[in-house]
Amino acid sequence: MTSPDSVRAALAAVIDPELRRPITELGMVGDIAVDAGDASVQIKFTIAGCPKKDSIESDVRATILSVEGITGVEVRRDVMTDAERSQLTELIHGGRSPEDRFGPDSLTRVIAVTSGKGGVGKSTVSANLAVGLAQRGLTVGLIDIDVFGFSIPALMGIEGEKPTPVGAMILPPRAHDVAVMSIGMFVDPHTPVSWRGPMLHRTVRQFLADVHYGDIDVLVCDLPPGTGDVAISLGQMIPHADVVVVTTPQKAAADVAERSALVARQMGQRVIGVVENMSTFIDASGTERSIFGTGGGDEVARRLDVPVLARIPLSEPLRESGDEGQPLIVGDAADPATTALNALVDAVMATHKPRGNRSLPISLG
Ligand SMILES: Nc1ncnc2c1ncn2[C@@H]1O[C@H](COP(=O)(O)OP(=O)(O)OP(=O)(O)O)[C@@H](O)[C@H]1O
Ligand SMILES: [Mg+2]
């Protein structure tokens, strides 16, 4: 006869879609009884409104039915107690600070996307970069800490979706294989927000400490323009972050872009390169036009002594894809803007410095 233990062992193959671990490890499998060919299993969901209840239950059923000797399954839905939930959050997300989670010893690479001026394409670049890195097999998180001009939920096609709180931990929604957190998920788009420094600082900390991104390889951070409170808070918490500077070819944009990069550098962050966005426009006759002038990207790169990682053309499909919530990089690979975005992703990957060879902090004497 089939034993409850063999049913439990089989359930190790069921992965919680949000926490991405076997449900047996997460303490979600309760009592199991087997009577002749019938199995009865208690599944303890993390929260009563768990959005993935149905999909987990159908995985559990299919898995148990594949166990030899089992012909019938009863799933008893239950919810974890507060104590069980805290044990779970402690297990997978133990109360660590942003510095522990993303500090120099962590394996997660943090990439901050900044600019001097607003509206130059930071959010568009951040969203496509995050999705492009995920397409290359990395596990990726994307955060948008732009209180006044958040746009990542719309760009990723998840407007209206909310994170799921599980005890003290927050589970981010996922889109295009990226875990996404945005201030926009917490504030009403039609209400004015006037947050001052300390509130922004707490929010940055919460986004980095309380949100469970899982074991991500890269965290892309879409920052507000300029060198305001958010950039400084992030710089204090993650001084070893890599910074990508976005500018247009215009001289005025280039001047302020340089300034924002210098502030990042002052905080210890590594500027890995410049993205020149809205670079050229190819008109209907095939002629390249420099609508926003030329040379801004090269100029910022020269002054900072870093490479131009990519030049992204002014592109209608790029604008449309953002409006539709389908980052262009998931679409037509032959589009010139997609080619440029892929070049950016490859260039960013090439600048990765693994943390493994970091020297140990040994002091002599
Ligand atoms: N290369 C491009 N071609 C055409 N449109 C673009 C391009 N890059 C960005 N856009 C469009 O320009 C607008 C501003 O882009 P985006 O929101 O990414 O800029 P931002 O720097 O994040 O702005 P903000 O400073 O407000 O956060 C958006 O409507 C976007 O679709
Ligand atoms: Mg933006």
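Computed over heavy atoms, backbone and side chain alike; hydrogens, waters and symmetry mates excluded. One-based numbering, in listed order, for ligands and for the atoms of each. Just so you know, residue 1 is the first one in the sequence shown, and it goes up from there.
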Among all protein heavy atoms, pick out the one at the shortest distance from [atom]; state its residue, atom name and that distance to 0.1 Å.
atom: atom 17 (O) of ligand 1; value: Ser123 CB, 4.1 Å
atom: atom 29 (O) of ligand 1; value: Arg319 CG, 4.2 Å
atom: atom 4 (C) of ligand 1; value: Ser315 O, 3.1 Å
atom: atom 19 (O) of ligand 1; value: Gly121 N, 2.9 Å

Other residues, nucleotides, ligands: >12 heavy atoms within 6.0 Å of Gln87 CD: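 No, not enclosed.
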A quick test of your reading: do over 12 heavy atoms of other residues, nucleotides or ligands sit less than 6.0 Å from CG of Asp305?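 Result for CG/Asp305: open.
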Derivation of the side-chain contact (heavy atoms from CB on, under 4.5 Å) call for Val41 and Leu11: CA-CA 10 Å; Val41 179; Leu11 285 174; 4.1 Å; yes
Could you walk me through whether Arg20 and Asp215 pass the salt bridge (Lys or Arg N to Asp or Glu O under 4.0 Å) test, one step at a time? CA-CA 10 Å; Arg20 304 181 140 213; Asp215 293 328; over 6 Å; no
Closer than 4.0 Å and a protein heavy atom, does any atom meet both conditions relative to atom 13 (C) of ligand 1?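 No, there is no protein heavy atom closer to it than 4.0 Å.
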As a test of the contact definition, would atom 9 (C) of ligand 1 count as having a protein heavy-atom neighbour under 4.0 Å?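 Yes.
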Would you mind telling me if ligand 1 is within reach of the side chain of Pro225, the backbone, both or neither, using heavy atoms under 4.0 Å?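 Under 4.0 Å from ligand 1, Pro225 contributes side-chain atoms alone.
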Answer side chain, backbone, both or neither: which part of Asp146 comes under 4.0 Å from ligand 1, heavy atoms only.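 Within the 4.0 Å criterion, Asp146 contacts ligand 1 through side-chain atoms alone.
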Give a yes or no on whether Ser123 keeps an N, O or S atom under 2.8 Å from the Mg ion (ligand 2).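 So Ser123 counts as coordinating the Mg ion (ligand 2), yes.
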Electrostatic pair Asp78:Lys44 at N-O distance under 4.0 angstrom: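 Answer for the salt bridge query: no.
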salt_bridge(Lys122, Asp144) N-O dist < 4.0 Å: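 Salt bridge absent between Lys122 and Asp144.
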Give the atoms of ligand 1, by number and element, whose distance to some non-hydrogen atom of [X] is under 4.0 Å.
X: Leu314; value: 1 (N), 3 (N), 4 (C)
X: Gly118; value: 25 (O)
X: Thr124; value: 9 (C), 15 (O), 16 (P), 18 (O), 30 (C)

Just so I know, are the side chains of Glu99 and Arg205 near enough to count as touching, which here means a heavy-atom distance under 4.5 Å?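 Contact flag for Glu99/Arg205 side chains = yes.
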Looking only at side chains, do Ser106 and Arg101 share a donor and an acceptor under 3.5 Å apart?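 The criterion, which ignores hydrogens and geometry beyond distance, is not satisfied for Arg101 and Ser106.
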Please enumerate all residues that pass salt bridge (Lys or Arg N to Asp or Glu O under 4.0 Å) together with Arg289, with sequence neighbours excluded.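 Listed in chain order: Asp283.
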Using distance alone, determine whether Asp222 and ligand 1 share an N or O pair under 3.5 Å.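 So ligand 1 has no N or O lying under 3.5 Å from an N or O of Asp222.
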Return yes or no for this condition: an N or O of Asn277 is under 3.5 Å from an N or O of ligand 1.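 Between Asn277 and ligand 1, an N or O pair is found under 3.5 Å apart.
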Which option out of [options] puts a heavy atom nearest to [atom]?
atom: atom 2 (C) of ligand 1; options: Thr114, Thr280, Asp323, Leu318; result: Leu318
atom: atom 20 (P) of ligand 1; options: Glu320, Lys122, Met278; result: Lys122
atom: atom 25 (O) of ligand 1; options: Ser279, Gly119, Pro313, Ser126; result: Gly119

What residue among Ile92, Val166, Thr164 forms side chain to side chain contact (heavy atoms under 4.5 Å, CB included) with His212?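 Per the side chain to side chain contact (heavy atoms under 4.5 Å, CB included) rule, the option paired with His212 is Ile92, out of Ile92, Val166, Thr164.
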Give me the one residue out of Thr247, Asp255, Thr248 that meets side chain to side chain donor-acceptor pair (under 3.5 Å) with Lys251.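 Output: one option passes, namely Asp255.
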